[in-house]
*Asks:* 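Handing you this structure, nothing more for now.
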Amino acid sequence: MRAQSSATAPSGIAVGGQETGGHGRSSGTLQAALGVVAFSLTFPATAWGLEGFGPWSLIAVRSILAAVIAGGCLLALRVPLPERRHRAGLAVVGAGVVLGFPLLTTLALQTSTTAHAAVVVGLLPLTTALFSALRVGTRPSRTFWLAALAGAAAVIAFTVQQSGGALTSADAYLFAALLVCAAGYTEGGRLARVMPGWHVIGWALVLCLPLTVPMAAVALSFEPVHLTAHGVTGLLWVAVGSQFLGLVVWYRGMAAIGIPKASQLQLAQPLLTLVWSVLLLGEHLTVAAPLTAAAVLVCIAVTQRARG
């Protein structure tokens, strides 16, 4: 296959398959929001998956299933190989989003509730904005940063309160997951400006196959598998919904509206996760939930209007 070409264009012209005009920004916000909804189900689905699979098996199998779907789409549409200069960035996406974040959060969820684990998602928008400033030179306004910090503080306070205020041994996994995921999001958002978002996650998944296939073989030989309805449903969601489809719309959204603003939509993710946790896992929320939701929505509105 020949290498995939890229091009730059003025504002309002499609770049890498994305529209950069007003309509493109509205569509980008919607797609990023759909990605957040898909991601909000990841922790509850992972908890379900752990009912039937060991942590290493769950991570390896979900990555392989997502890679098979992505690879099939790439082959069917005869998508050319990515340019050599983009492959290092795809490796960062693979290390952070395909392997690092799922593995570290799955290990954390063995001893942590989904409410406590949601703290990493509460910090992720701010961390992604910081990585974006360092990696691609974005310079959001002071209002943007103040709103982002306020939103992050509200989410952290809520999730810590939900977990009883106690830190667990899983925190090391969660904070490490925060860093690798922010790096993967930033690099993926940068690449999605020069190639379609689904190509970014698709090639990242395929690139990880030499690691995930032997990992699955070893893990499945040591970790017992109990096929249950919850276990299979959780595996299918994290593979198809979180690992592939969610990232497709997420990267398209970041390319259209910018990494910092897209990342702030993710402030709503912990609250959505807690709602799913109540409905799917039977966890209980306090009266602080609607107050925090209101504060987070205000912060999202401010960051979306603040000029970069």
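This chain uses plain numbering: 1 for the first residue, then up along the sequence.
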*Asks:* With side-chain contact (heavy atoms from CB on, under 4.5 Å) as the test, pick out the partner of T46 among T105, T106, T114, L235.
*Replies:* T106

*Asks:* Taking all heavy atoms of P102 and all of G96, pick out the closest pair and write down the distance.
*Replies:* CD-O, 4.3 Å

*Asks:* Give me each pair satisfying salt bridge (charged side-chain N to carboxylate O under 4.0 Å, His left out) with a member in residues 180-191, each pair once, sequence neighbours excluded.
*Replies:* R135-E187, E187-R190

*Asks:* With rounding to the nearest 0.5 angstrom, report the CZ to CG distance, R62 to L103.
*Replies:* 10.0 Å

*Asks:* So, do L191 and Y251 sit near enough that their side-chain heavy atoms are less than 4.5 Å apart?
*Replies:* no

*Asks:* Is any side-chain heavy atom of L271 closer than 4.5 Å to one of F158?
*Replies:* yes

*Asks:* Do W250 and I201 touch side chain to side chain, with heavy atoms closer than 4.5 Å?
*Replies:* no

*Asks:* With sequence neighbours left out, write down each residue that passes side-chain contact (heavy atoms from CB on, under 4.5 Å) with L41, or none if nothing qualifies.
*Replies:* W237, W276, L280

*Asks:* Would you say L58 and V61 are hydrophobically clustered, going by side-chain heavy atoms of ILVMFWY under 4.5 Å?
*Replies:* yes

*Asks:* What distance separates L149 CG from F144 CZ, expressed to the nearest 0.5 Å?
*Replies:* 10.0 Å

*Asks:* How many angstroms lie between atom CD1 of I59 and atom CG of L107, to the nearest 0.5 angstrom?
*Replies:* 7.5 Å

*Asks:* Between L245 and L34, is there a side-chain heavy-atom distance shorter than 4.5 Å?
*Replies:* no

*Asks:* At their closest point, which heavy atom of G188 faces which heavy atom of V200, and how far apart are they?
*Replies:* CA-CG1, 4.0 Å

*Asks:* Grab the two heavy atoms, one from A239 and one from A66, that are nearest each other, plus how far apart they are.
*Replies:* O-CB, 3.3 Å

*Asks:* Which heavy atom in V206 sits nearest to a heavy atom in G71, and how many Å separate them?
*Replies:* CG2-CA, 4.0 Å

*Asks:* Picking from V98, L65, V238, what satisfies side-chain contact (heavy atoms from CB on, under 4.5 Å) with Q243?
*Replies:* V98

*Asks:* Is it true that V302 and L126 fall in one hydrophobic cluster, defined by side-chain heavy atoms closer than 4.5 Å?
*Replies:* no

*Asks:* Mind jotting down which residue pairs meet the side-chain hydrogen bond (donor to acceptor under 3.5 Å, both in side chains) criterion with at least one end in residues 216-225? Sequence neighbours excluded, please.
*Replies:* S57-E223

*Asks:* Would you say CH2 of W56 has more than 12 non-hydrogen atoms from neighbouring residues, nucleotides or ligands within 6.0 angstrom?
*Replies:* no

*Asks:* Please find the pair of heavy atoms, one from S112 and one from A170, that lie closest to each other, and give the distance.
*Replies:* CB-CB, 3.9 Å

*Asks:* Examine V296 and F43 and state if one hydrophobic cluster contains both, with Ile, Leu, Val, Met, Phe, Trp and Tyr joined whenever side-chain heavy atoms are less than 4.5 Å apart.
*Replies:* yes

*Asks:* When you check the side-chain N and O atoms of S242 and T42, is any donor under 3.5 Å from an acceptor?
*Replies:* yes

*Asks:* Taking atom CG of L178 and atom OG1 of T127, what is their separation to the nearest 0.5 Å?
*Replies:* 3.5 Å

*Asks:* Quick one: does W48's side chain get under 4.5 Å of L281's, heavy atoms only?
*Replies:* yes

*Asks:* With the 4.5 Å side-chain cut-off for hydrophobic clustering, are L109 and L179 part of the same group?
*Replies:* no

*Asks:* Begin from the C-alpha positions of V79 and W203 and carry the test side-chain contact (heavy atoms from CB on, under 4.5 Å) through to its verdict.
*Replies:* CA-CA 10 Å; V79 176; W203 286 120; 4.0 Å; yes

*Asks:* Is it true that L211 and F222 fall in one hydrophobic cluster, defined by side-chain heavy atoms closer than 4.5 Å?
*Replies:* no

*Asks:* Considering non-hydrogen atoms only, spot the tightest contact between G231 and F53 and give its length.
*Replies:* O-CE1, 3.8 Å

*Asks:* Find out whether F39 and L124 are in side-chain contact, i.e. whether some heavy atom of one side chain is under 4.5 Å from a heavy atom of the other.
*Replies:* no

*Asks:* Quick check: does any side chain N or O of R252 sit under 3.5 Å from a backbone N or O of W198, one acting as donor and the other as acceptor?
*Replies:* no

*Asks:* Return the CE to CG distance between M215 and L220, rounded to the nearest 0.5 Å.
*Replies:* 10.0 Å

*Asks:* Taking side chain as C-beta onward, heavy atoms only, is R87 less than 4.5 Å from L81?
*Replies:* yes

*Asks:* For a side-chain contact (heavy atoms from CB on, under 4.5 Å) check, start with the C-alpha distance between L247 and Y185, then their side-chain angles and the critical distance, and finish with the verdict.
*Replies:* CA-CA 9 Å; L247 285 168; Y185 276 176; 4.0 Å; yes

*Asks:* Taking the side chain from S132 and the backbone from T128, do they hold a donor-acceptor pair closer than 3.5 Å?
*Replies:* no

*Asks:* Atom CD of Q269 and atom CG of L274: how far apart are they, to the nearest 0.5 Å?
*Replies:* 10.5 Å

